[in-house]
Asks: 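What follows is a single structure, and I will ask about it in a moment.
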Amino acid sequence: KDEEAKAAAAVKSGPTPPPAEMILPFEISQISDAVSSPMLSFGSGGGASADIYFYVKPGTTLQASAAGKVSLMKNPVSKTPDGQSFDPQDWELQIQFDGGYYLGYDHVVDLMVADGDAVQAGQPLAKAAPASIRHGGPEGQLPVEEFEFGLGYADSRRGGQPVRVCPANYLA
């Protein structure tokens, strides 16, 4: 009976919200001054992504913005416009929360955690991917590192597909 009561209460209360407070994944001083705007909304050209990408100083170590469980995915090899194979040599790291929410840190290298690890807010995770690895080509030679950061959730109504949620409320 106790388990039934808990299940009924969970249904009435709706989905578990993401953490109410998060910290930035880097120190403010690590934002690069190599670009005119430190934060640009990603996918603002009509795309559905609500990630934000950051330019940060080379060597910047990213830290967990909130406590949760680590999930790692190697970014896939793709084809360049001229048909060559391009291996980005980087990872997408997610911190999973209850209720299907997760924080995504895309394009990271030098991992400091393993898949399945439990992390605490402020714990070092990885480094932002060097632009030369991230892009290749002429733009890849910029002396900056960048990564994409965003809050998302797995929507059961869409077969568990990830859905991005604008993280602006959490960056204040």
Asks: Could you report the tightest heavy-atom contact between S65 and L103, atom names first, then the distance?
Replies: CB-CD1, 3.6 Å

Asks: Considering only heavy atoms from C-beta outward, does the side chain of L62 approach that of V108 to under 4.5 Å?
Replies: yes

Asks: Heavy atoms, side chains only, cut-off 4.5 Å: are Q123 and V113 in contact?
Replies: yes

Asks: Minimum heavy-atom separation for A128 to E145, with atom names?
Replies: O-OE1, 2.6 Å

Asks: Would you call the rings of F147 and Y105 parallel, tilted or perpendicular if under 30° counts as parallel and over 60° as perpendicular?
Replies: parallel

Asks: To the nearest 0.5 Å, what is the distance between CD (E92) and NZ (K74)?
Replies: 12.5 Å

Asks: D90: what forms a side-chain contact (heavy atoms from CB on, under 4.5 Å) with it, not counting sequence neighbours?
Replies: N75, P88, H107, V109, A129, R134

Asks: Who are the side-chain hydrogen bond (donor to acceptor under 3.5 Å, both in side chains) partners of E27, not counting sequence neighbours?
Replies: none

Asks: Working to the nearest 0.5 Å, report the span between CD1 of I31 and CZ of F54.
Replies: 6.5 Å

Asks: With sequence neighbours excluded, what pairs up with K69 under the salt bridge (Lys or Arg N to Asp or Glu O under 4.0 Å) test?
Replies: none

Asks: Can you tell me how far OH of Y102 sits from CD1 of I95, rounded to the nearest 0.5 angstrom?
Replies: 13.0 Å

Asks: Under the side-chain hydrogen bond (donor to acceptor under 3.5 Å, both in side chains) test, which residues partner Q30, sequence neighbours left out?
Replies: T60

Asks: From M22 CE over to F97 CZ, what is the distance, rounded to the nearest 0.5 angstrom?
Replies: 5.0 Å

Asks: Please list, chain by chain and in numerical order, all residues satisfying salt bridge (Lys or Arg N to Asp or Glu O under 4.0 Å) with D115, sequence neighbours excluded.
Replies: none

Asks: Of all residues at least two apart in sequence or in a different chain, which pass the side-chain contact (heavy atoms from CB on, under 4.5 Å) check with T61?
Replies: M112, P124, K127

Asks: I need the single residue from V119, L125, I23 that forms a side chain to side chain contact (heavy atoms under 4.5 Å, CB included) with Q63. Which is it?
Replies: I23

